[in-house]
Every structure is written in structure tokens, then in C-alpha cells.
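A short worksheet on the structure shown next.
Chain A is the first sequence line, chain B the second, and so forth, proteins listed ahead of strands; every chain is numbered from 1.
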Amino acid sequence: MHLYDQQHIKIYNSLSGQKEPFKSITEGYVGMYVCGPTVYSNVHLGNVRTFMSFDMVFRYLKHLGYKVRYVRNITDAGHLENDADAGEDKITKKARLEQIEPMEVVQRYTVDFHNILSIFNFLPPSIEPTATGHIIEQIELISTIIKNGFAYEVNGSVYFDVHKFNETNDYGKLSKRKLDDLIHNTRELDGQSDKKNPQDFALWKKAEPQHIMRWPSPWSDGFPGWHLECTAMSTKYLGDRFDIHGGGMDLKFPHHECEIAQNEAAKGQSPVNYWMHANMLHLNGQRMSKSTGNTVNPDELLSGDNKFFSKAYSPSVIRFFNAQSSYRSVLDLTDDGLLASEKGFHRLMDAINLLDNISSASTSTFNVSEWKQNCYDAMNDDFNSPILIAHLFDAAKYINQIKDGKASITSEDLKLLKQTMYAFTFDVLGLQNESKQESGTDKLSAAVDILIKLRQEARANKDFALSDKIRDELAEAGIQLKDGKEGTTFTTN
RNA sequence: GGCGUCAUGGCCGAGUGGCUAGGCAGAGGUCUGCAAAACCUUCUACAGCGGUUCGAAUCCGCUUGACGCCUCCA
């Protein structure tokens, strides 16, 4: 018996626009693909939000006992054009000006990407394939699509014939677009003269002489189109049809639409059962944009070294903030919002830390098993982490009441409560108990305990000047004393 | 212009055809030498205008506004 036999997930499927009961293709196994970053600059904070949401999905599926193969690619080809228009992107421009090897750019930002994700306590994906490592697979895929009559070659480049495809298939079913509408609304752009129709997209591009990243192919020395790598790598590792495909909302069209088209054209079937799209992250009510300066890097947010926020925020606070909203909603990153989350997060962690110190009784005044199922119900409902957190706060309240002697719990329920709290807080949400880590050093505890004792003595002697001095100066040092019925404890942060 | 998504209390953010979301902030109380913490109580909402319904913030239509995609983008 596995947890997934008892807990039934519903997933909002972008393809149908509805929540659907989740059923994996192979019982007990889940294949999940998420479009990864293009490593040409520091990882974008919005990108982090998307991956954070899917990290939570990954964690929950694993928690339920599924064997999950989670594939998240690194796009390291196709976009590193040495002939990019000037002023488009600072880093590409800089790389071009300094004549750095594209692979140096790739390496630098892949390392940055991994560093940031590990700071945020991401679980690594099962496979992290790169586009340049799968050129052969992509070329094979193109050959198949040509053979099936859905692509054509012009001047060494190969394009996907959207119009031809749409005669037998439905191009636009994911993004709810109609080809006719697209035809009437396509902007005229230069340099597309090779295409039969503006809606066609490149499967292979012949490289201009100054283009550095290039590979030989039956059609030309060139590089693959950017939609192709995901089709090649997802199906290579997950099969021609797999369970979940995720990505940012902005990838829905054209990227994911094209993936469906490529797969149907090459393999005769739609690749994905459940399409999931994470919504955008805003900064102070507006979309992040480098050109307007309304943007902040993950490391700037973590260090507090930026012009938007009053202080530094810890990785878990940012994770908590993210989990307090639905992955399908636009999330607005603001100082007030982070401040509120930070306080709530610490309150939750303080309650969890109390779990080690509360004692059990003969009865429970709280239905722990019902509460536990409520937590599962929240996550089962399209990974509704905000509701889960609301339930975690219910438990926090209960724990505090037990500590205050206003509620009681049996030892059996205490064990269950602790297990469940830990599982959801740390395993599923991926939060980390920062205060415990910091104060976990026994030497600090010992030193503070001495100060607590001295303060107690001062209070007993009615030397409140001294006792308050101890309390206030510890507070300034980031150590907060908490007087309770059972004596004084302390927390850091 | 086309397609799509969304509009919730001081702020952030769930959810639902009739029954408390939750967090932060505010107010009152308990506790305390005073605080803090914790606990208890409390405040308030569903953009506007129509319609369906016994009943709608929840369904439908319109209006207004915000956002996304249509061009690299998480």
C-alpha cells in the first residue's frame, strides 16, 4: 500500500482548462519534464519561482511514494548568437564584445543556476540534459518530421510546416488559438523570407559565417531550433508520451504549442497528459524587466543588496512566501509581503520547535488525524500550498495552546502531529528550520542559558535595570528571550 | 488589433451557489515587575451594472481596470 493509493491528486491541466484526477501512465511511476533555463545570464528570479513551484510538485509526488523521473533541461544552444543585435541583452553583448567562448558563458551561468537553486534547497532533478548534448537526437527528429511530410528545407534551414500540420492536426489547442487568427495577426518581420508562412517555425537554422555554435547536419552547418530540444530530450528520457510537462506561463505559446506539434508530427501522438503552467512573478506590481530596471536578482534579494527591499530575506522565507500563493496566480513580490511572510514563517518554525518540548496527556483536544487528512486534501487539490499552510498554522496554534496548558495531546497523536508537520513543512514545502540551525550550536545555547539564569537572579532581586539590560542587549544581538510558564526560552532571528 | 487570464477586507493571499480560509497589521483582554512571546476575543471583503436563482462574492452578460501571450523570455 502506497500513500498515492490513498491520496488522489487533481491537477489543473492547461490543455483542458480544468482540474483533472491525476493518473500516471505507469502505476507508481511519474515522468515529469520542466523547461529549464537558457544559461546566458544570471538566473532570473521569476525563473526561480517557476522551478520552486515544480520543486514542490516533485517533492509532493515523491512524498506520496511515486517514483518520479524529473527531467529539467539546460538550454545551452541556439540562442547564443554571436551576431545578436546590439543592445538587446547586456550579457550576450558583453560576451560578444569580449569574444568569450559561448561554452564559457554556458558554464558560468550553469554554475550560477545550480548555486542559486541549492541555496533555495531545491532537490536536483533526476536528469538535467543539455541541448548541445542532444544534437544527434534533434537531427533524427527533424529527419522524421521531414519524412512524415510536416517540414521542408530551404537554403540549408528546415522549417515546420504549420499550415500542413493543421490540416490533419490541431495547431493551437494548448494556447487556445486558431491558425486563422494567427495568420491575420502575425506581425511582418524581416528575415523570414525563407519560410512559406510566417507561422512556420525553425527546426534547423543554417549558421551564418560568424555564428560560433554550429554542428554539421544533412542540411547545413547550423544549429537546432529552440522548440526542438525539449521534444527530443523529453521523449528520449520519458517516452513518447509522458505524465507531466511544466513550465512558465509565457512558454505556453509558442514553445509548448510547438512541442506538441513536433511530437505529433514525428511520433503521431500528443506528448503529454498533464500540462502545468506556473504564473508570473511581479516586482512591486509590475512585471520584472531589465530595460526599466524593475528587476532584482536572486542573490540581491538574499543579500539585501538592492534598492527594492528593506532587508535581506532568507531562502526559506522566500520559499514560504512563494508557497503562500498558488502557483497558478501571479505573485507580487513586495517588501511588505515578504515582511509579513517572514513573521509568519518564524511563528510556524517556533511552534515546530516546541514539538520537542511539549508533553503528552491522556486525551487530545484536537482531531489530529482529521487535520492530517486536511493537509493532504489541500495538496491533492492541484498542489494548493496556501491552504496547506493555513492548516499548518492551525497546528501551530494547537501546539502553542498545549504549551500554555490550554490544550492536551496523547502521545500517539503527538507522534502523528510531529511526523505530519515535519513531512509537510520540510519534505513537501522544502522549508528549512533556520532558527534551529543557528541556535543549534550547543555553545551558544549554553552561553544564553547562563545569561537567562543571571537575568532570573536579577529579577528575583528586583534589579530590573540589569534584567532588562540583559534582555534588550540580547535582542539587539538577534536573540529573543521568551518568558513562559515553564521558564525562559530563546529564539534567534 | 487578436487570443487568454484575473479583479476578494488596511496589506498579502485562498476558496466557495446558502455554513470561520490563513498570514501580516489594528483594537480589547489574559499572562508579566514592565515588556516581548504565546493564548483568547474582535474588526472588515468579495471592481461596477444588469440577469439566472428561494438564495450569488461564487453561474451568465456587459462595463471598467490589471496582467500574460501574439517577438527572445519562466
Side-chain angles (χ1 to χ4, degrees), chain A residues 14 17 34-38 40-41 43-54 75 78-79 81 84-85 88-89 92 172 175-178 180-187 189 199 226 246-255 257 277-282 285-290 320-321 324-326 328-334 336-348 350-351 354 378 381 384-394 396-397 399-401 403-407 459-460 462-464 467-468 471-472 475 480-485 488-491:
Chain A
S14 301
V34 172
C35 291
T38 304
Y40 68 104
S41 66
V43 60
H44 186 93
L45 196 59
N47 222 161
V48 173
R49 187 212 175 182
T50 298
F51 299 142
M52 208 175 263
S53 299
F54 287 107
T75 297
H79 308 298
E81 298 187 39
D85 288 347
E88 270 286 272
D89 176 82
T92 308
S175 54
K176 313 282 186 285
R177 276 157 220 258
K178 293 193 167 39
D180 287 347
D181 294 336
L182 290 171
I183 292 166
H184 292 124
N185 291 300
T186 302
R187 296 180 198 174
L189 296 170
Q199 294 76 37
W226 78 287
M249 200 73 116
D250 50 351
L251 289 183
K252 202 193 261 187
F253 188 89
H255 185 59
E257 200 69 72
H277 289 96
N279 217 135
M280 303 289 105
L281 179 70
H282 284 192
Q286 291 181 309
R287 80 164 287 177
M288 292 201 195
S289 158
K290 278 184 190 170
F320 186 72
F321 175 75
Q324 274 188 305
S325 86
S326 157
R328 288 198 286 129
S329 300
V330 173
L331 178 60
D332 191 17
L333 193 67
T334 62
D336 287 346
L338 284 169
L339 241 26
S341 285
E342 184 177 55
K343 284 186 187 167
F345 172 70
H346 288 313
R347 202 161 81 80
L348 185 65
D350 288 349
L354 281 175
D381 183 16
N384 197 327
S385 51
I387 294 290
L388 169 65
I389 288 174
H391 292 315
L392 296 182
F393 274 111
D394 287 342
K397 192 180 209 174
I399 293 166
N400 284 321
Q401 285 175 338
K403 186 203 72 174
D404 280 6
K406 290 173 178 165
R459 291 175 73 192
K462 305 238 186 269
D463 184 357
F464 297 122
S467 68
D468 289 356
R471 177 222 289 161
D472 297 341
Q480 192 194 27
L481 298 186
K482 295 182 176 181
D483 295 332
K485 281 206 171 80
T488 301
T489 56
F490 73 96
T491 56

Exercise for the section: Summarise protein proximity over nucleotides 21-32 of chain B in one line of letters, 5' to 3': B for base, S for sugar-phosphate only, - for none, counting protein heavy atoms closer than 4.0 Å. Expected result: BSSSS------S
Exercise for the section: May I ask you to verify if any side-chain N or O of A/T38 is less than 4.0 angstrom from the OP1 or OP2 atom of B/A74? Expected result: yes
Exercise for the section: Find the partner of B/A14: check Watson-Crick (N1-N3 plus N6-O4 or O6-N4) and G-U wobble (N1-O2, O6-N3) distances, both under 3.5 Å, and reply none if neither fits. Expected result: none
Problem - Pairing of A/D468 and A/R471 as salt bridge, 4.0 angstrom limit - result: yes
Completion exercise
Between A/L331 and A/K462, the residue closer to the 5' end of RNA chain B by nearest nucleotide is A/L331
Problem - Given B/A74, B/G2, B/G4, the nucleotide with the shortest approach to the side chain of A/N47 - result: B/A74
Practice task
For A/G46, answer base if it contacts any base atom (sugar-phosphate contacts may also be present), sugar-phosphate if it contacts only those atoms, and nothing otherwise; contact means non-hydrogen atoms under 4.0 Å.
Solution key: base
Handout entry: Side chain of A/M280 - closest among B/A74, B/C67, B/G13
Key = B/A74
Handout entry: Short side-chain N/O contact from A/S329 to OP1 or OP2 of B/A14, under 4.0 Å
Key = yes
Practice task
Take atom P in B/U32 and the same atom in B/A25, then report the distance between them in whole Å.
Solution key: 24 Å
Problem - Under 3.5 Å on both distances, the Watson-Crick or G-U partner of B/C6 - result: B/G65
Practice task
Tell me whether A/F464 is stacked on the nucleobase of B/G33, counting only the six-membered base ring and applying the 5.5 Å and 30° thresholds.
Solution key: yes
Practice task
Please tell me if the side chains of A/M288 and A/L333 come closer than 4.5 Å, counting only heavy atoms from C-beta onward.
Solution key: yes
Completion exercise
pair_partner(B/G1), Watson-Crick or wobble, both distances < 3.5 Å, evaluates to B/C70
Exercise for the section: Verify the contact: side-chain N or O of A/R177 to OP1 or OP2 of B/G68, cut-off strictly under 4.0 Å; return yes or no. Expected result: no
Practice task
Could you give the distance separating B/G15 and B/C72 at their C1' atoms, to the nearest angstrom?
Solution key: 37 Å
Practice task
Let me know the distance between NE2 of A/H282 and C1' of B/C6, rounded to the nearest Å.
Solution key: 11 Å
Exercise for the section: Kindly say whether A/G337 contributes a backbone atom to a donor-acceptor pair with the side chain of A/T334 at under 3.5 angstrom? Expected result: yes
Practice task
Give A/D468 one of three labels, base, sugar-phosphate or nothing, depending on what nucleic acid heavy atoms sit under 4.0 Å from its own.
Solution key: base
Exercise for the section: Please examine the side chains of A/H282 and A/L331, heavy atoms only from C-beta on, and report whether any two atoms are closer than 4.5 Å. Expected result: no
Problem - Interatomic distance at C1', B/A14 relative to B/G29, whole Å - result: 29 Å
Problem - Distance-only side-chain donor-acceptor flag, A/Q324 / A/S385, under 3.5 Å - result: no
Practice task
Answer with base, sugar-phosphate or nothing: what part of the nucleic acid does A/R328 contact at a heavy-atom distance below 4.0 Å?
Solution key: nothing
Handout entry: 5'-most by nearest nucleotide on RNA chain B - A/K252 or A/R471
Key = A/K252
Problem - Residues A/S326 and A/R328: side-chain donor-acceptor under 3.5 angstrom - result: no
Handout entry: Proximal nucleotide (of B/C69, B/A74, B/A35) relative to the A/F253 side chain
Key = B/C69
Fill in the blank from the handout: Looking only at B/C70, B/A38, B/A74, the nucleotide nearest the A/N400 side chain is B/A38
Problem - A/S53 side chain to A/R49 backbone, donor-acceptor under 3.5 Å - result: yes
Practice task
Ignoring backbone atoms, test whether A/N384 places a side-chain nitrogen or oxygen under 4.0 Å from the OP1 or OP2 oxygen of B/A14.
Solution key: no
Handout entry: Nearest to side-chain heavy atoms of A/Q401, which nucleotide of B/C40, B/C34, B/A14
Key = B/C40
Practice task
Would you mind checking if A/R459 and A/D483 are paired as a salt bridge, meaning a charged N to carboxylate O distance below 4.0 Å?
Solution key: yes
